[in-house]
Amino acid sequence: MSIKYNEVIGFYPCLKPGVGEGTMVVMKGGDEVFLRKSIKSFRREILWYYFVDFKALRSMARALGEPIPLVLGERVFVPLKFRHRAFAGDFCYGYFSLDEIVFCGGKGKAAIILSCGKKYGLACRVKTATASLIRAKIFRLEISFRK
């Protein structure tokens, strides 16, 4: 199945029994598509589609701290720790469009709710998730001033 990148509102790592590591892509209507490729591979693919140089993006956002938000077209994607590491070198961050996140909160562990109604539990505290959202908003403002 081909992915329409302009309809992607989020993507996160997913480990499926019997299949292994993959990426779950969330589309505008809330539909989810499982891809049999790593999250890093899909991130590289979507960055290539939008002609974004990840190294240049990292150097622009260095002052904000890690992990850095992704700028894809006119949208900023927030990096959120989606699950705990299953093995060494496991990339456990997912990315969701800042414009699509309508709620971030919870007790203990954080959760986000997207505008399509999907709810996702995160593997971090509310404070960490909120800091990542703020970092993405600041980055969006900085980029809008540079235009």
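All residue numbers refer to positions in the sequence shown, counting from 1. Everything numeric here is computed off the predicted structure, so don't read it as measured data. Excluded from the calculations below are hydrogen atoms, water molecules and symmetry mates; all remaining heavy atoms, backbone and side chain alike, are included.
One distance of note links CG of L35 with OG of S41; it measures 9.0 Å at 0.5 Å rounding. Here OG of S132 is found 11.0 Å from CD1 of I68. Values are rounded to the nearest 0.5 Å. Here CE of M24 is found 12.0 Å from CZ of F42. Values are rounded to the nearest 0.5 Å. To the nearest 0.5 Å, atoms CG (L122) and OG1 (T128) are separated by 10.0 Å. Atom NZ of residue K118 and atom CG of residue D31 lie 7.5 Å apart, to the nearest 0.5 angstrom. Residue I46 holds its CD1 atom at 8.5 Å from CG of L70, rounded to the nearest 0.5 Å.
A chain of hydrophobic side-chain contacts below 4.5 Å, direct or via other Ile, Leu, Val, Met, Phe, Trp or Tyr residues, connects L98 to Y120. Both Y50 and L47 are assigned to one and the same hydrophobic cluster, defined by single-linkage of ILVMFWY side chains at heavy-atom distances under 4.5 Å. V126 and V102 fall into different hydrophobic clusters, where Ile, Leu, Val, Met, Phe, Trp and Tyr side chains are chained together by heavy-atom contacts under 4.5 Å. With hydrophobic clusters built from ILVMFWY side chains whose heavy atoms lie under 4.5 angstrom apart, F54 does not share a cluster with W48. Note on I113: it does not cluster hydrophobically with L133, by side-chain heavy-atom contacts below 4.5 Å among ILVMFWY residues.
At a threshold of 4.5 Å between non-hydrogen side-chain atoms, the residues I101 and L114 count as touching. Contact annotation: the side chain of F91 never approaches that of P13 to less than 4.5 Å [non-hydrogen atoms, C-beta and beyond]. The shortest side-chain heavy-atom distance between P69 and V78 does not fall under the 4.5 Å cut-off. With a 4.5 Å cut-off on side-chain heavy atoms, F96 and L80 count as touching.
Closest approach of P67 to P79, counting heavy atoms only: O-CG, 3.6 Å. Closest non-hydrogen pair, R75 versus V8, comes out as NH1-O, 2.5 Å. The minimum heavy-atom distance linking R135 with E66 is given by the pair NH2-O, 3.5 Å.
F51 shares a hydrophobic cluster with no other residue; no ILVMFWY side chain has heavy atoms under 4.5 Å from its own.
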Where do I138 and E142 land on the side chain to side chain contact (heavy atoms under 4.5 Å, CB included) test, with the steps shown first?
CA-CA 6 Å; I138 291 170; E142 283 184 11; 3.9 Å; yes
Please determine whether side chain to side chain contact (heavy atoms under 4.5 Å, CB included) holds for the pair V76 and K137, giving the CA-CA distance in whole Å, both sets of side-chain angles, and the decisive distance to 0.1 Å.
CA-CA 8 Å; V76 175; K137 287 180 181 180; over 6 Å; no
Quick one, V19 with F34, criterion side chain to side chain contact (heavy atoms under 4.5 Å, CB included). Give me CA distance, side-chain angles, the key distance, then yes/no.
CA-CA 11 Å; V19 177; F34 179 77; 3.8 Å; yes
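Looking at E100 and K28, no side-chain N of the basic residue comes within less than 4.0 Å of a carboxylate O on the acidic one, giving no salt bridge.
Among the candidates Y12, F11, F77, the single residue satisfying the ring-ring contact (aromatic ring centres under 6.0 Å, His included) test with Y95 is F11.
Here the side chain of S59 pairs a donor or acceptor atom with the backbone of A56 at under 3.5 angstrom. Side-chain atoms of R83 never come within 3.5 Å of backbone atoms of G94 as a donor-acceptor pair (strictly under, hydrogens ignored).
The salt bridge (Lys or Arg N to Asp or Glu O under 4.0 Å) pairs that include a residue from residues 42-56 are K37-E45, where partners are two or more places apart or lie in different chains.
The local environment of NZ in K109 is crowded, with over 12 non-hydrogen atoms from other residues, nucleotides or ligands closer than 6.0 Å.
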